[in-house]
Amino acid sequence: MGALHIVVCIKQVPDSAQIRVHPIYNTIMRQGVPTIINPYDLFALEAALQLRDQFGGAVTVLTMGPPMAEESLRKALAFGADRAVLLTDRAFAGSDTLATTFALASAVSKIGETWGTPDIVFCGKQTIDGDTAQVGPGIASRLELNQLTYVAKISKLDLEAGAIEVERRAEGGTQLLSTKLPALVTMLEGSNEMRRGSLACALAAAQAEITVWNAAAAGIEDLLNCGLKGSPTIVKKVFAPGAHTVRAQQIELQDRNADDIARDLLDQIFIRQPQVEADLMRMASGQ
Amino acid sequence: MASAQQPNDKFDVIVIGAGPSGNAAAYVLARGGLRVLQLERGEYPGSKNVQGAILYANALEQIIPDFRDDAPLERHVIEQRIWMLDDKSYVGMNYRSEDFNEERPNRYTIIRAPFDKWFSRKVRDAGATIVCETTVTELIRTEAGRVIGVRTDRDGAVVLADMVIMAEGVNGLVGQRSGLRPELKPDSVALAVKEMHFLPRETIDARFNLKGAEGVVIEAMGTVTDGMVGTAFLYTNQESISVGIGCLVSDFKTGTAAPYELLHRFKTHPAIAPLLEGAEVKEYAAHLIPEGGYNSIPQLYGDGWLIVGDAGQFVNAVHREGSNMAMTSGRLAAELVIKLHRMREPFSSENLAEYHTMLKNSFVMKDLKKYKGIPGFLHSSSKHVFGTYPRLLSQAAQTWFRVDGADKREKERQIVSMMRKDRSFSGLISDAFKLVRAWR
Amino acid sequence: MSDAPRPAASRANTKKELPERFRNHRHVWVFVEYEHGRIHPVSLELIGEARKLADKLGVEVAGVLLGGSEPEMREAAAQASQFGADLNYIIADPILTDYRNQPYTKALTELVETYKPEILLLGATTLGRDLAGSVATTLRTGLTADCTELAIDDERSLAATRPTFGGSLLCTIHTLNFRPQMATVRPRVMAMPEADPSRVGRVVMHPLGMMEDDIVTKVMGFLADRESATAQLAYADIVVAGGLGLRSRENFQLVRDLAAVLGGEYGGSRPLVAKGWITADRQIGQTGKTIRPKLYIAAGISGAIQHRVGVEGADLIVAINIDPSAQIFDFAHLGVIGDAIEILPALTRAFQARLSVNRLAG
Ligand SMILES: Cc1cc2nc3c(=O)[nH]c(=O)nc-3n(C[C@H](O)[C@H](O)[C@H](O)COP(=O)(O)OP(=O)(O)OC[C@H]3O[C@@H](n4cnc5c(N)ncnc54)[C@H](O)[C@@H]3O)c2cc1C
Ligand SMILES: Cc1cc2nc3c(=O)[nH]c(=O)nc-3n(C[C@H](O)[C@H](O)[C@H](O)COP(=O)(O)OP(=O)(O)OC[C@H]3O[C@@H](n4cnc5c(N)ncnc54)[C@H](O)[C@@H]3O)c2cc1C
Ligand SMILES: Nc1ncnc2c1ncn2[C@@H]1O[C@H](COP(=O)(O)O)[C@@H](O)[C@H]1O
């Protein structure tokens with residue numbers, strides 16, 4: 001049995017709380033919008049680091065993005081990851097989730113050839129910009145990894161037996177699942193808390209060499225599967241949510257006290273929604 | 001895993017802070033071949049500096065001559081407006097000149113976050129090691145008081161170096177805690193609050209009559225500060241407008257209005273509101289500015305340490321210059337350290353004393369000395385400078401411009417008597433005299 | 001790299017030339033999520049939506065039911081038909097009793113390859129998203145997540161609209177030259193259709209063709225949520241919600257009080273979750289729950305776009321906000337410009353009074 005090897009996929013995203021839309025052109029105004037590691041990916045990274053600390057081995061972080069995404073990788077190294085791979089190539093521009101999973105899956109395979117096959121690939125639950133939660137399952141299908149999504153807790157890892165047990169968030173409850181390695185896990189938010197990296201890690205991160213791969217270096221020969229060409233979906237139209245035509249009807253205040261205003265409001269509610277009134281009356285009369 | 005005290009983790013110099021002064025110092029040091037570690041508490045360089053600002057090209061040119069090629073500059077300033085506001089009008093001077101559309105413009109508006117990030121990238125490319133999200137908690141000193149390293153908030157881990165440069169900004173907590181500099185006095189720091197108002201580039205161009213990368217700066221004084229010592233300002237960036245107002249901390253303590261109320265007053269002033277209309281406000285930042293001037297400069301050097309930038313109180317409050325002094329002091333400090341390093345001289349207090357001489361020979365100390373009386377003057381006459389005079393000026397202008405049948409001589413008489421009523425003639429003269437003296 | 005959703009200028013106008021192998025793909029399918037003895041309501045909502053798309057295309061609506069017991073599946077199929085499915089494909093096999101990615105992916109992929117739908121819709125639940133990602137990748141087709149609007153364009157292709165960049169923008173996505181066109185939709189985004197008890201549909205049974213030994217993932221157990229506010233909030237008829245305008249955790253009690261009197265559920269805006277005033281499953285909006293109650297009362301909520309998209313489907317939106325220019329008045333139906341801390345208790349009293357009159361009378 002070799003040492004544990006974990007790959008964590010992280011994405012650099014614009015801090016969406018700070019995004020502005022050009023009022024005329026409906027384009028994203030990026031000026032002054034800081035980028036961050038996709039917050040959900042930090043839960044994946046921390047889960048990976050905890051397993052590494054417990055079992056030994058190494059954590060490789062992987063991102064596909066523009067050259068400046070290197071920043072996020074350095075951050076991940078400062079938290080304690082062991083090595084980082086930046087997958088960057090103009091050929092990847094315009095990738096939808098299918099093309100993204102192709103590139104990332106190829107890179108994971110290449111990472112396997114270079115540093116040993118990963119036992120677990122971690123992803124975040126979803127990104128805050130793409131917001132699809134599709135990339136994790138896509139990588140799993142392409143690499144035929146056993147797929148564990150929305151994982152709240154890794155309850156057991158048995159490297160000897162190549163087995164893993166998790167608690168998975170399902171509809172209306174928690175599923176307890178066991179499966180075999182290699183597996184792909186997407187972590188749920190709130191499942192752990194990102195550590196403060198040590199000064200030694202921070203220093204190492206600042207000085208680390210980051211592995212940068214273009215498509216060819218990642219072993220991708222067929223560029224038809226990448227970028228716009230490899231994307232079955234296209235964005236036909238981008239637009240701002242329309243404003244409603246009618247603004248809210250305001251309850252007159254007329255210097256009345258709160259109780260009078262509330263009674264007026266109640267009447268208006270019942271006039272507009274007689275069904276609500278009927279339901280409430282039925283409830284009140286105890287039926 | 002590396003451990004905190006590997007041999008290759010001993011540095012020649014540690015720079016605390018990645019603002020303009022720290023970046024200037026670290027850049028010059030790294031280019032000079034020294035092993036430099038720069039520690040910054042923010043998430044990234046500039047993350048604690050969200051505001052827009054004015055960049056004076058000259059100081060940066062001396063460090064990175066071709067900075068215009070790739071620095072994130074917003075607009076170059078072709079017009080400066082200086083306005084005296086009362087509650088509903090303003091009197092002002094605008095200076096706009098085609099000359100400012102020169103090949104190498106002298107002043108730019110910038111947004112600190114991307115600018116500091118760009119500068120930091122240069123520092124890294126020059127070979128320095130930069131670690132962010134790490135706060136220096138104290139200096140490590142020998143029994144004899146020599147500084148030999150710093151302690152950080154990452155598990156209290158320590159890094160050692162031959163020399164520490166404090167570029168930690170106006171608060172200077174590290175220096176303070178180590179007893180190397182006194183605590184800040186409320187009457188020598190201003191509190192500035194600032195917002196970014198986002199607007200499409202086309203709207204800004206139209207409202208300020210600009211084309212291409214041209215920009216405008218407005219500085220305003222008057223009743224908006226409620227009689228406190230302070231000024232308000234507005235700069236145009238590419239797709240945003242920085243607006244802010246600053247007043248002395250001591251005034252805020254005794255005054256009636258909170259900083260954001262003053263800013264609100266400024267933004268809603270009839271001369272300013274139309275410029276900001278429809279903008280999306282995204283950032284609200286508050287920051288201290290040292291305004292004590294020459295008289296408040298602390299001890300700047302000692303065994304194994306130097307202070308640069310705002311931490312040394314190098315800000316010209318009148319001309320709102322700070323980053324240029326920060327960069328220049330950082331550069332000078334680095335140049336001295338490199339020289340001593342090359343000569344294999346120790347970083348002793350005697351050897352580092354030359355830093356003070358270098359500053360004295362530069363515009364930094366010369367300017368600060370020239371204006372050293374100003375902070376005191378403004379403080380003692382604040383009620384008039386920031387309240388009475390703007391109001392009077394505005395009234396005078398209105399009297400002068402309103403065509404109402406009175407002849408011009410009569411108007412002059414009205415104006416003079418208005419002035420006398422609000423501020424005695426001797427008071428006026430004495431203010432003028434004090435101002436002239438302070439300026440000299 | 002896939003970050004900026006800009007229309008692909010060069011390809012947006014590409015003439016659709018559907019490859020030969022996709023030409024005979026027909027009909028609109030809905031994956032009918034069946035777990036723990038019931039159909040997830042989102043699937044019924046989707047059948048209603050699929051009905052509209054299919055009518056526009058002049059094709060049929062089919063439900064897909066995967067599960068452990070044939071009688072249960074047949075019963076569920078009957079229900080799906082009442083809501084609008086013309087036929088239902090069923091794979092019933094004990095292996096499919098609990099959801100697991102591998103057999104479900106195999107089952108759904110095989111049905112698609114055999115019966116060739118042109119559109120496949122799934123609910124954006126944890127199950128639906130887990131499955132949709134695998135199936136789309138296996139089929140190498142496009143998948144659009146979390147759609148808020150589905151339509152058929154002039155070229156008979158699916159125009160799927162979804163929010164992007166934290167809801168600040170919407171984009172319309174098409175799947176060119178591939179079939180099926182897949183999309184997921186979150187619960188409560190689409191209206192629940194009326195059931196027609198007289199409607200019946202055809203059933204097509206299909207074998208799974210897998211052995212339990214083929215499957216490496218095992219379900220060791222299922223812990224049902226104790227308080228499933230989750231389901232209750234999304235499906236409540238009356239929801240009262242509060243925002244930062246309430247100013248303190250204590251004041252939030254006023255929201256709970258009103259909800260209790262109305263027999264409704266309570267929720268809040270996202271900042272309240274961050275502040276710990278409410279739990280995450282009570283968050284309403286784009287990254288929280290989408291709701292469509294008959295009555296939604298929002299107190300001290302500014303009405304940011306991310307909140308708005310979660311409540312727009314409500315029949316009647318009532319807003320209480322102190323700021324006349326608050327965005328929430330742009331989409332609310334009734335507004336009160338006032339202090340929520342005064343109005344909320346007054347409203348609670350008003351309802352109490354009205355209801356108690358009725359109680360005496362009744
Ligand atoms: C509102 C406002 C407007 C201004 N406008 C202008 C203008 O238009 N033009 C101009 O030239 N100047 C302007 N100034 C002044 C100018 O910003 C400063 O003079 C300049 O930033 C000083 O640079 P500095 O590097 O000394 O300090 P700072 O820029 O304050 O940088 C200090 C850095 O050190 C870090 N730090 C602090 N303590 C620690 C620690 N213990 N450990 C690690 N890191 C630490 C901080 O996070 C910070 O990044 C303005 C100031 C303000 C507040
Ligand atoms: C990617 C992303 C996803 C998001 N997802 C969600 C989401 O799912 N759900 C969500 O809610 N938000 C979401 N947000 C956050 C959203 O953008 C807003 O920040 C948030 O909804 C604001 O919450 P609020 O209205 O409670 O607070 P505020 O915006 O602070 O508004 C408070 C309101 O209360 C009013 N008020 C103040 N005092 C009183 C009083 N005494 N009486 C009455 N009114 C008063 C004020 O006028 C103001 O309108 C998301 C943001 C991003 C970037
Ligand atoms: N460009 C990328 N590089 C690396 N990982 C990514 C990238 N895009 C998505 N991921 C991973 O896939 C997860 C789901 O993303 P998404 O499908 O976009 O919501 C994220 O949380 C990441 O872990």
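Every chain is numbered from 1, with letters handed out A, B, ... down the list of sequences. Bear in mind that the values here come from a model prediction, so they are computed numbers and not experimental data. These numbers come from the heavy atoms of this one structure, side chains and all, not from hydrogens, waters or symmetry mates.
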Requested in this report: Take C/T164 and A/V235, measure what side-chain contact (heavy atoms from CB on, under 4.5 Å) needs, and give me the verdict at the end.
Outcome: CA-CA 11 Å; C/T164 179; A/V235 177; over 6 Å; no
**Report entry** Trace of the side-chain contact (heavy atoms from CB on, under 4.5 Å) decision for A/K236 with C/I173
**Finding:** CA-CA 6 Å; A/K236 275 231 172 159; C/I173 295 180; over 6 Å; no
Requested in this report: Decide yes or no on side-chain contact (heavy atoms from CB on, under 4.5 Å) for C/D237 and A/Q275, but give the supporting numbers first.
Outcome: CA-CA 10 Å; C/D237 279 339; A/Q275 187 62 44; over 6 Å; no
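A distance of 10.0 Å separates CD of C/Q327 from CZ of A/R247, quoted to the nearest 0.5 Å. Taking CG from A/L98 and OG1 from C/T137, the interatomic distance works out to 5.5 Å, rounded to the nearest 0.5 Å. Considering CZ of A/R272 and CG of C/L334, their distance stands at 4.5 Å, rounded to 0.5 Å. Here the NE2 atom belonging to C/H333 is positioned 9.0 Å from the CD atom belonging to A/Q273, to the nearest 0.5 angstrom. Atom CD1 of A/I128 is separated from atom OG1 of C/T287 by 10.0 Å, given to the nearest 0.5 angstrom. Here the CZ atom belonging to A/R142 is positioned 12.0 Å from the OG atom belonging to C/S134, to the nearest 0.5 angstrom.
Only the side chain of A/E165 has a heavy atom closer than 4.5 Å to any heavy atom of chain C. For A/A140, no part sits under 4.5 Å from any heavy atom of chain C, backbone or side chain. Interface residue C/R162: only side-chain heavy atoms are found under 4.5 Å from chain A. Residue A/S141 touches chain C through its side chain alone, counting heavy-atom pairs closer than 4.5 Å. Proximity to chain A (any heavy atom under 4.5 Å) is shown, for C/F351, by both the backbone and the side chain. Of the two parts of A/F102, neither the backbone nor the side chain holds a non-hydrogen atom closer than 4.5 Å to a non-hydrogen atom of chain C. For A/Q126, the part lying under 4.5 angstrom from a heavy atom of chain C is the side chain only. Proximity to chain C (any heavy atom under 4.5 Å) is restricted, for A/D279, to the side chain, taken from C-beta onward. For a residue to count as touching a neighbouring chain, one of its non-hydrogen atoms must lie under 4.5 Å from one of that chain's; by this rule C/T141 touches chain A with the backbone only. Looking at A/T149, both its backbone and its side chain come within 4.5 Å of chain C, counting heavy atoms on both sides. A/D259 touches chain C through backbone and side chain together, each having a heavy atom under 4.5 Å away. Only the backbone of C/P324 has a heavy atom closer than 4.5 Å to any heavy atom of chain A. Heavy atoms closer than 4.5 Å to chain A are found in both the backbone and the side chain of C/D130. Both the backbone and the side chain of C/V219 come within contact range of chain A, with heavy atoms under 4.5 Å apart. Contact of C/V309 with chain A is not made at all, since no heavy-atom distance falls under 4.5 Å.
With respect to the salt-bridge test (charged N to carboxylate O, under 4.0 angstrom), the residues A/D267 and C/R354 qualify.
Across A/A170 and C/F222, no two heavy atoms sit closer than the pair CB-CE1, 4.1 Å. The nearest pair of heavy atoms linking A/E171 to C/E35 is CB-OE1, 4.0 Å. For the residue pair A/L280 and C/L262, the shortest heavy atom distance occurs at CD2-O, 3.5 Å. Looking at every heavy atom in both residues, C/A145 comes nearest to A/D131 through CB-O, 4.5 Å. In terms of heavy atoms, C/T126 sits closest to A/R168 at O-NH2, 3.4 Å. Considering every non-hydrogen atom in both C/A350 and A/R263, the closest pair reads CB-CG, 4.2 Å.
With respect to chain A, the highest number of heavy-atom pairs below 4.5 Å among C/G142, C/A280, C/G264, C/G335 belongs to C/G335. Ranking A/T174, A/I269, A/I251 against chain C, the residue ahead of the rest is A/T174, based on heavy-atom pairs under 4.5 Å. Of the listed residues (C/L143, C/L127, C/V336, C/T138), the greatest number of heavy-atom pairs within a distance under 4.5 Å of chain A belongs to C/L143. Annotation: maximal heavy-atom pairing with chain A below 4.5 Å, among C/E33, C/R129, C/E342, occurs at C/R129. Considering only heavy-atom pairs separated by less than 4.5 Å from chain A, the leading option among C/I297, C/I343, C/N101 is C/N101. When C/Q102, C/Q181, C/H40, C/R140 are compared by the number of non-hydrogen pairs under 4.5 Å with chain A, C/R140 comes out ahead. Ranked by non-hydrogen atom pairs under 4.5 Å with chain C, the options A/A262, A/A258, A/S178 are led by A/S178.
More than 12 heavy atoms of other residues, nucleotides or ligands lie within 6.0 Å of CD in A/Q249, so this atom counts as buried by the packing criterion. Counting heavy atoms of neighbouring residues, nucleotides and ligands inside a 6.0 Å radius, atom NZ of C/K294 exceeds 12 of them. Atom CD of A/E144 is surrounded by 12 or fewer heavy atoms from other residues, nucleotides or ligands within 6.0 Å.
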